[in-house]
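One structure below.
Treat the numbers as computed from the prediction; the structure is a model and nothing was measured. One-based numbering along the sequence shown. Atoms within each ligand, like the ligands themselves, are counted from 1 in listed order.
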Amino acid sequence: MESYFNKVPTFPHDVPTIDLRCLSYTKLMAGDVSESEQLFQSCKENGFFLLDLRGSDEGHKILEHAEFAFKLGEELLMKTDKEELERYPHKPPGSLFGYKGVGQLKNEDGSPDNVEYYNMSQDDMIGNVAPSSHPSFISQNRPQIKEFYIHAHAILMHLMSHIDTHLGLKPGTLASLNPLDQPSGTSLRLLKAPALPPGSIPRAGLYGHTDLGSMTMLFNIVGGLQVLPPNVEQIESNYRYVKPQPGCAIINLGDAMVPWSGGLLRSNMHRVAMAPGEQKNVNRYSVAYLMRPAANVSMRRLAKIETGMGVTTQEEEGEKDICAKDWERMRVARVIEGNLKQIGVTQVKEVAA
Ligand SMILES: O=C(O)CCC(=O)C(=O)O
Ligand SMILES: [Fe+2]
């Protein structure tokens, strides 16, 4: 991963950035109390933090897998003919897997988006369902892609175990809602925001959204990801860049964590802006592991076993039980009704309280 940072222009000093906490995966693995507390604070404040993966075998493994995924994304999105990619289109709202070309979504200002991506289903790659067909770069690399899911999932499960503790949940509760071996909408997404030709009108990559699932692990080298700080108006000028850090993943909570935690945890708005400074002159690749709940689990708030602020065992009056699959479909459909063409991405604008 480090070598990739040396290949691109440096992130400029003079753009507004958001100061995310940088947590050590090694310390979290060792049960460091303060690191764990910081993790929970981040989950409540803005639902975003950096995870430093250096210093442990498991961390190094996922960094290697991320490097492999970057290479795969480059090859797939640079070398495969568009007609070939378009043979595997994503088909919202039924399926969000497959290829999305540049300009299929709209930015806040009505301009076409500037991101293409290929979204691969965990079920397909892990073997929870019969394998689907893919462009050759993907089908040739199925064993390595499977390894990515296994390692990324293990890391997110460890983070989830810290959240269990802080929410006063029985150990393993959040892991049981996000299992690797049960059908879900979980995906690995390889993204490319192509550099715009010199002299073109600046154009954002991807409209502001929150992620539909439970937790996302994101790898960035070139800047462009922006997060909306909590409690500010949702306008473009309020977004702040996240500076990519070598050896680190960006972790963010998705929408499912909000109802499960009774609104205590936050799924935060983010977007992909033009890369800052000189970085705008290079193609921007990113890799996102978007973990979503198992299809059949309940989206009800979770029962606590100890007193946890804001988390109750009581169902609110009129609160209906709904499984993750129906909940996700409903949210995607709501986005369509609102004419917000964000389907390939996630739920829009429902910022957690
Ligand atoms: O490319 C990035 O940095 C962010 C992508 C993203 O937010 C998403 O795919 O949901
Ligand atoms: Fe996202």
Side-chain angles (χ1 to χ4, degrees), residues 1 4-5 8 11 17-18 20 46-51 66 69-70 73-74 77 90 92 96-102 104-105 107-108 113-121 152 156 185-195 203-228 239-245 248-258 266-276 279-280 282-292 328 331-332 335 340-352:
M1 283 288 284
Y4 272 71
F5 277 81
V8 299
F11 187 94
T17 55
I18 186 162
L20 298 178
N46 58 20
F48 264 87
F49 56 92
L50 295 170
L51 185 66
F70 267 96
E74 266 176 13
L77 298 170
H90 80 145
L96 304 181
F97 304 127
Y99 177 69
K100 181 202 91 67
V102 163
Q104 287 182 14
L105 304 173
N107 289 326
E108 287 90 339
D113 76 279
N114 188 40
V115 162
E116 60 177 325
Y117 60 68
Y118 195 85
N119 211 14
M120 293 171 274
S121 152
L156 296 197
T186 301
S187 67
L188 171 59
R189 181 179 287 174
L190 307 175
L191 303 99
K192 175 184 180 184
R203 194 165 123 208
L206 207 57
Y207 186 102
H209 64 278
T210 59
D211 290 349
L212 181 62
S214 39
M215 199 182 257
T216 301
M217 184 184 228
L218 184 61
F219 293 94
N220 279 333
I221 290 159
V222 172
L225 175 70
Q226 291 186 326
V227 170
L228 187 71
Y239 277 89
R240 295 288 175 264
Y241 280 104
V242 175
K243 183 179 176 192
Q245 301 287 352
C248 297
I250 299 159
I251 306 288
N252 67 287
L253 300 189
D255 298 341
M257 297 298 273
V258 179
R266 188 173 174 93
S267 169
N268 206 89
M269 289 290 290
H270 55 283
R271 67 198 285 269
V272 179
M274 287 270 290
Q279 294 197 330
K280 70 174 184 307
V282 297
N283 291 326
R284 176 185 188 272
Y285 291 90
S286 49
V287 169
Y289 175 65
L290 298 144
M291 188 172 75
R292 282 167 51 181
E328 288 169 356
R331 290 170 83 82
V332 172
V335 175
L340 295 162
K341 297 177 182 156
Q342 290 310 103
I343 307 317
V345 189
T346 39
Q347 158 66 19
V348 186
K349 284 186 191 162
E350 286 209 354
V351 180

Looking at CZ of Phe48 and CG of Leu228, how far apart are the two atoms once the value is rounded to the nearest 0.5 Å?
10.0 Å

Which atoms of ligand 1 sit under 4.0 Å from any heavy atom of Arg189?
8 (C), 9 (O), 10 (O)

Would you say His90 and Phe97 make side-chain contact, with heavy atoms under 4.5 Å?
no

Please work out, at 4.0 Å between heavy atoms, whether the side chain, the backbone, both, or neither of Val272 comes within that distance of ligand 1.
side chain

Suppose I only count heavy atoms of Ser286 and a 4.0 Å limit; which atoms of ligand 1 are within that range?
1 (O), 2 (C)

Using heavy atoms and a threshold below 4.0 Å, how should the contact between Asp211 and ligand 1 be classified: side chain, backbone, both, or neither?
side chain

Mind checking what makes salt bridge (Lys or Arg N to Asp or Glu O under 4.0 Å) contact with Arg284, not counting sequence neighbours?
none

By atom name, which N, O or S atom of His270 is the nearest to the Fe ion (ligand 2)?
NE2

One finds that the ligand 1 atoms under 4.0 Å from a non-hydrogen atom of Arg284 are 1 (O), 2 (C), 3 (O)

Measure the CE-CG distance between Met217 and Leu51 for me, rounded to the nearest 0.5 Å.
6.0 Å

If the plane angle is over 60° it's perpendicular, under 30° parallel, otherwise tilted; pick one for Tyr4 and Phe70.
tilted

Could you tell me which N, O or S atom of Asp211 is nearest to the Fe ion (ligand 2)?
OD1

Does ligand 1 have a heavy atom under 4.0 Å from the side chain of Leu218, from its backbone, from both, or from neither?
side chain

With heavy atoms of His270 as the reference, note each atom of ligand 1 found under 4.0 Å away.
7 (O)

By salt bridge (Lys or Arg N to Asp or Glu O under 4.0 Å), Glu108 pairs with (sequence neighbours left out) Arg271

The reported gap from CD1 in Ile221 to OH in Tyr285 (rounded to nearest 0.5 angstrom) is 11.0 Å

Proximal ligand 1 atoms for Asn220, defined as those under 4.0 Å from one of its heavy atoms
2 (C), 3 (O)

